[in-house]
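Keep in mind that what you see is a predicted model, and the values were worked out from it rather than measured.
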Amino acid sequence: MEPVPAVPPSEQPSAAQPAVARPAKPARPPKQPTPLAKRVVPPNPVQAAVVILGFLALLYVIQVLNVITNYGLLGFGDIPRDFSHWDGVLFAPLLHGSWQHLFGNSLPLLVLGYLTTSLGLGKFFGVTTIIWLTGGLGVWVFGHDGVHIGASGLIFGYLTYLLVRGLFARSVTQIGIAVAVFALYGWVLLGMLPGQPGISWEGHLFGALGGVLAAWGVARDLRKEAAKNPPPAIVV
């Protein structure tokens, strides 16, 4: 048997020798929340989806009633400068002249409406109200003779709102999404050009102006909120 080499006393473990503590890792600073102005996804995605799908379902229910009454509900559309039908300003976006008309509006309304909820449902309802009233009143004052109906004005409003909002917020992400949205649905802006029979280009135009107005108003409100509630300082 080979002899076991002796361990020098300096290398022998000692119970009295204190353990050397490892240096603690520096704490990571808490992740800053995404500023409200730069949000892309709604704070409550499921709730936002339910609201948008619910509104679209309402349009289909109204269309069923419209068909049952042999399109008798179209009389509630927006009739320019007719004081006996001023309420058409409120009802026109809910009415469609055919199933094809409603089908054509459904997907853009779902996509653009959902993206518009990114700042929360409160802001979404405010944006929708501005677009709804701006489009309806613009048609009532300046529209050509006829009955103007359809949710196209809302679609144009949501589209321009999303395009302009990214510029006001100086958000690269929002601008990128706006460019993608424009690539998908920018062709609908052709509906703002006059001269197309059966198309309420005035409704599209004033709906789009309502979207720009809403984007300006939301950006102004967000600047005021940021000034009142600055982000807390990070101390490490």
**Request:** Kindly indicate whether the side chain of L112, heavy atoms from C-beta on, has any atom under 4.5 Å from the side chain of Y161.
**Result:** no
**Prompt:** Once the angle between the rings of F76 and F91 is folded into 0 to 90°, is it parallel (under 30°), tilted (30 to 60°) or perpendicular (over 60°)?
**Reply:** perpendicular
**Request:** Report yes if some heavy atom in the side chain of L59 is under 4.5 Å from a heavy atom in the side chain of H96; otherwise report no.
**Result:** yes
**Heavy-atom side-chain contact between Y114 and F124 under 4.5 Å** = no
**Asked** Taking side chain as C-beta onward, heavy atoms only, is T116 less than 4.5 Å from R165?
**Response** no
**Donor-acceptor contact below 3.5 Å, side chain W132 vs main chain L90** = yes
**Within-4.5 Å side-chain heavy-atom neighbours: L119 and V218** = yes
**Minimum side-chain heavy-atom gap I52-L56 below 4.5 Å** = no
**Request:** Check the pair Y158, I131 against side chain to side chain contact (heavy atoms under 4.5 Å, CB included), reporting the backbone distance first and the verdict last.
**Result:** CA-CA 8 Å; Y158 291 149; I131 295 172; 3.8 Å; yes
**Complete:** Between S106 and Y60 the two heavy atoms that sit nearest each other are OG-OH, 2.9 Å
**Prompt:** Taking side chain as C-beta onward, heavy atoms only, is V50 less than 4.5 Å from Q47?
**Reply:** no
**Message:** Among residues at least two apart in sequence or on other chains, which ones pass side chain to side chain donor-acceptor pair (under 3.5 Å) with S152?
**Reply:** N105
**Asked** When you measure from the side chain of N66 to the backbone N and O of L73, does any donor-acceptor pair fall under 3.5 Å?
**Response** yes
**Asked** Are F103 and L154 connected in the hydrophobic side-chain network, where two residues link if heavy atoms are under 4.5 Å apart?
**Response** yes
**Any R81 side-chain heavy atom under 4.5 Å of W86 side chain** = no
**Message:** Main chain of S84, side chain of D82: is a donor-acceptor contact present, judged purely on distance under 3.5 Å?
**Reply:** yes
**Asked** What pairs with W140 under ring pair (Phe, Tyr, Trp, His ring centres under 6.0 Å), at least two apart in sequence or on another chain?
**Response** F83
**Request:** Ignoring hydrogens and angles, tell me if any N or O in the side chain of T160 forms a donor-acceptor pair with the backbone of G157 under 3.5 Å.
**Result:** yes
